[in-house]
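To keep things clear, I will list the structure first and then write my remarks on it.
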Amino acid sequence: MSAIRGSIVPPPKMPILQWAANNENATAQVYPPKSFQRAWLLAYESPLIEKIVLSKSARVGYAIFINTAVAWLITNDPGNIMIVQNTEGDANKFSTRELGKVFTYCAPVRDRLFGRNTVNDKSFFGGDLSVVWATSASSFRMVTIKYLFMDEVSGYQDNIDKEGDPIDLGITRTESEGQRKIVLGSTPKEAGTCKVTLEFLKTDQRYLYVPCPHCDVKQRLKLENLRYSPKNYKDAHFVCIHCSGKIEEHHKFNMVEAGEWRATREFECCGVHQTPEQWDETGSALCCQCGESGDTNERGKIDAGFHIWSAYNDNPNTSLPSIAAEYDKAKKDPRKMQTFMNTKVGVEYSDALRAHKLNNFEELYQRREYYSPMEQLPEQTRCVLATIDTQKNRFDYHFWAVGERGEIWAVHYGKVHGDPEDESTQKNLIHELETDLTLSDGRAIGVFAAAMDCNGHAWKAMLEFCAPYQGWIFAIRGEVNAKTKFKPEFTLGFKVHPEVKCEYRSLNVHQLKNRAAERLNNEMPGKNYVHFPVSDVFDLIYFQMLTAEELKGSGSNVKWDKKPDQKRNEPWDLLVYLLWLYDFLRPEIQSATPQEPLGLIDPNAHKLVDESIQTEYVDDYEMSDYGDY
């Protein structure tokens, strides 16, 4: 078959827009009339642009773009083509409802077909086309691809068949092609985990700038500049950022036709760090020194990203009054805001992320204060609490001073190295927990209570360790359950291990982490504020671990997870345990006073009695103060 294909002389390569215009009568599904779709095709044809990422709202013509590009490739620049859909059902639907029209009604494409012709696999002179699904790793085996199109990538799984991310698997199949083309497109989804947004941020980030009908200043149409009256959506309009003139629905068509794409990411070229100020016809940023495309990757190619949303569309169902009405309804119902921001504005969204986004670790580091808690505790101290995290080769522990109204001072963070199941390691931990601390008036105080995470490593052994210290060390285990994580209670369950006879409590980790983020974001000393001292212990690494997690997703799928490339988060977990312990002991802590803080007892009272030591006779009678008489 390769010999037959090789005998076919391909026609001269025709520019993609000219080819699409010539075949407009063949099928309306081939030629995209909108200016932003034409720009995508020009970018696809550009030899400098290797990768295109489309972050978009729904119904802006991505399927038409794929159809046009595939049809042009088959007739002008054939090679192996792969189209990836999210599921097998999506793949079959796309093959029949979208591509099927091109192969049926577009004569230049139909005439190039040769050999295999099934729903998801087709052969043509010079290459093959396959439509596969991202839920199967086998879709990406034993194939070499020159042109890769991936649709609805935000719905792809993170790890299919334990072989990795389907986006990476697909791109790997193009590595042997020097003139490859990669296109990723999708409507965004949940903030923090949205794949198309993460891919878009790696590109030069292009937006469509359109001229104001009044002052001709080019600008992006942004939701923040949309104005409307809830009593009259028909008056919805954008406000020009330059002249404050009204940009209304009837202005949109001419504005979009006269618009231009502009890459917005800063770049460095000719030794100069630049903010884009000039662009070519596809929207690529040009260097102010050499006039060439400046924002290129390590291979001298361009990764082009395009963002478009419904406000640019000329569909009557996405008119400005319609967008305003939907936006107003979404603001009144948070459940609808997710859909609106994803499908209409074309951006990732999570209301939970907006409410509990942690401050940058450097900001927390910069607000450290000059106090020396290991020498003298803050004057407001009402008790000292400890939290312990169990690792495979150590215990991580943290001391905290607690004052009135939930104000907290970090005192010390340390580690006890060794196997947690070894008696020597456990004794060393108890030794640390029995550290005497000094109040501002000189009195000694000990750890009033401790919370120890026993979940995970050596669960039963850690309960055995905690059992003799019940009432001082509280055994806990974190729980993240979709059915319970939205409950307001911090304690989800209380049980006693039937063999060890040790109490343990299950914590609502999701809600506790929300509370921890609120505490760290609190910038006003006083109620619920967390203080940190200037010391070598509380360094930048500590604050990186303290802010190691972020809230990802939204709705029922929202969860706290480690940030990319962040491996350790022990201080964050130890703060979470502290907030549970503080809430659990709140009545006692609130009853404490400066004169009578909690913990003014001999720490040695918590030690186990060595059975080998003979104790004196005790009959429980009170002894006279005059014991010698």
Side-chain angles (χ1 to χ4, degrees), residues 371-378 380-391 394-403 406-418 420 425-439 444-455 462-463 465-478 490-491 502-505 507 512 516 519 530-533 535 537-538 542 545-546 569-586 588-589 592 597-608:
Y371 67 95
S372 303
M374 294 302 289
E375 297 177 9
Q376 186 180 85
L377 292 170
Q380 301 93 325
T381 300
R382 298 295 180 265
C383 71
V384 174
L385 302 178
T387 48
I388 308 150
D389 191 38
T390 306
Q391 301 292 325
R394 69 183 187 279
F395 291 114
D396 282 42
Y397 66 93
H398 210 307
F399 291 164
W400 312 84
V402 180
E407 195 168 8
I408 296 168
W409 289 262
V411 174
H412 181 60
Y413 169 60
K415 302 176 180 64
V416 175
H417 292 279
T425 308
Q426 297 172 359
K427 284 185 176 180
N428 289 337
L429 175 63
I430 293 297
H431 176 73
E432 295 296 335
L433 295 179
E434 291 177 337
T435 299
D436 287 341
L437 298 166
T438 305
L439 293 169
I445 191 173
V447 171
F448 177 67
M452 180 172 177
D453 177 34
C454 298
N455 201 14
M462 292 303 97
L463 288 179
F465 166 63
C466 291
Y469 303 101
Q470 294 183 81
W472 184 49
I473 299 179
F474 294 88
I476 59 174
R477 64 185 303 175
F490 289 159
T491 305
C502 180
E503 300 175 353
Y504 66 91
R505 291 163 176 83
L507 311 189
L512 285 166
R519 291 293 188 93
V530 184
H531 302 260
F532 297 96
S535 75
V537 172
F538 297 95
Y542 170 90
M545 295 188 291
L546 183 67
N569 64 343
E570 288 85 353
W572 168 250
D573 284 340
L574 292 169
L575 175 61
V576 169
Y577 306 154
L578 168 72
L579 296 181
W580 172 82
L581 186 60
Y582 169 75
D583 184 76
F584 183 71
L585 300 174
R586 183 192 298 268
E588 292 179 76
I589 295 174
L598 303 175
L600 285 176
I601 56 175
D602 181 6
N604 293 325
H606 298 294
K607 289 185 178 179
L608 287 174

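Below, all heavy atoms of this structure are taken into account, side chains as well, without hydrogens, waters or symmetry copies.
Here the OH-CD distance, from Y469 to Q426, works out to 8.0 Å after rounding to the nearest 0.5 Å. Atom OH in Y397 sits 8.0 Å away from atom CG in L433 (nearest 0.5 Å). The structure places CZ of F490 at 15.5 Å from CZ of R505, a figure rounded to the nearest 0.5 Å. To the nearest 0.5 Å, atoms OG1 (T381) and CG (L437) are separated by 9.0 Å. Between the OG1 atom of T438 and the CE atom of M374 there is a distance of 9.5 Å, given to the nearest 0.5 Å. Between atom CD of residue E588 and atom CZ of residue R382 there is a gap of 15.5 Å, rounded to the nearest 0.5 Å.
Side-chain atoms of H412 and P373, non-hydrogen and from C-beta on, never get closer than 4.5 Å to each other. The shortest distance between side-chain heavy atoms of I473 and I430 falls below 4.5 Å. Contact annotation: the side chain of I408 never approaches that of L385 to less than 4.5 Å [non-hydrogen atoms, C-beta and beyond].
Residues R519 and V530 share a closest heavy-atom pair of CB-CG2, 4.0 Å. Nearest heavy atoms, P533 versus A410: CD-O, 3.5 Å. Here the closest non-hydrogen pair linking L575 and A516 is CD2-CB, 4.1 Å. Nearest heavy atom pair, residue A450 against residue I388, reads CB-CD1, 4.2 Å. The heavy-atom pair separating P597 from A592 by the smallest distance is CA-CB, 4.3 Å. Across I445 and C383, no two heavy atoms sit closer than the pair CD1-CA, 4.3 Å.
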I would like to know whether D396 and D573 meet side-chain contact (heavy atoms from CB on, under 4.5 Å); could you show each step before the answer?
-> CA-CA 10 Å; D396 282 42; D573 284 340; over 6 Å; no

Between F395 and T390, does a side-chain contact (heavy atoms from CB on, under 4.5 Å) hold up when you go through it step by step?
-> CA-CA 5 Å; F395 291 114; T390 306; 3.9 Å; yes

Check the pair W400, T387 against side chain to side chain donor-acceptor pair (under 3.5 Å), reporting the backbone distance first and the verdict last.
-> CA-CA 8 Å; W400 312 84; T387 48; 3.1 Å; yes

Carefully, step by step, assess V576 and L507 under the rule side-chain contact (heavy atoms from CB on, under 4.5 Å).
-> CA-CA 10 Å; V576 169; L507 311 189; 5.8 Å; no

Run the side-chain contact (heavy atoms from CB on, under 4.5 Å) check on V402 and I589 step by step: do they pass?
-> CA-CA 8 Å; V402 180; I589 295 174; 4.1 Å; yes

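Partner of Y413 under the ring pair (Phe, Tyr, Trp, His ring centres under 6.0 Å) criterion, chosen from Y542, W572, F532, F399: Y542. Screening R394, K415, H398 for a side-chain hydrogen bond (donor to acceptor under 3.5 Å, both in side chains) with E570, the sole residue that qualifies is R394.
Between the side chain of Y577 and the backbone N or O of D453 there is no donor-acceptor pair closer than 3.5 Å. At distances below 3.5 Å, not a single donor-acceptor pair connects side-chain atoms of E434 with backbone N or O atoms of H431. At least one donor-acceptor pair under 3.5 Å links the side chain of W472 to the backbone N or O of V447.
The aromatic rings of W580 and F474 sit perpendicular to each other, their planes meeting at more than 60°, with 30° as the lower class boundary.
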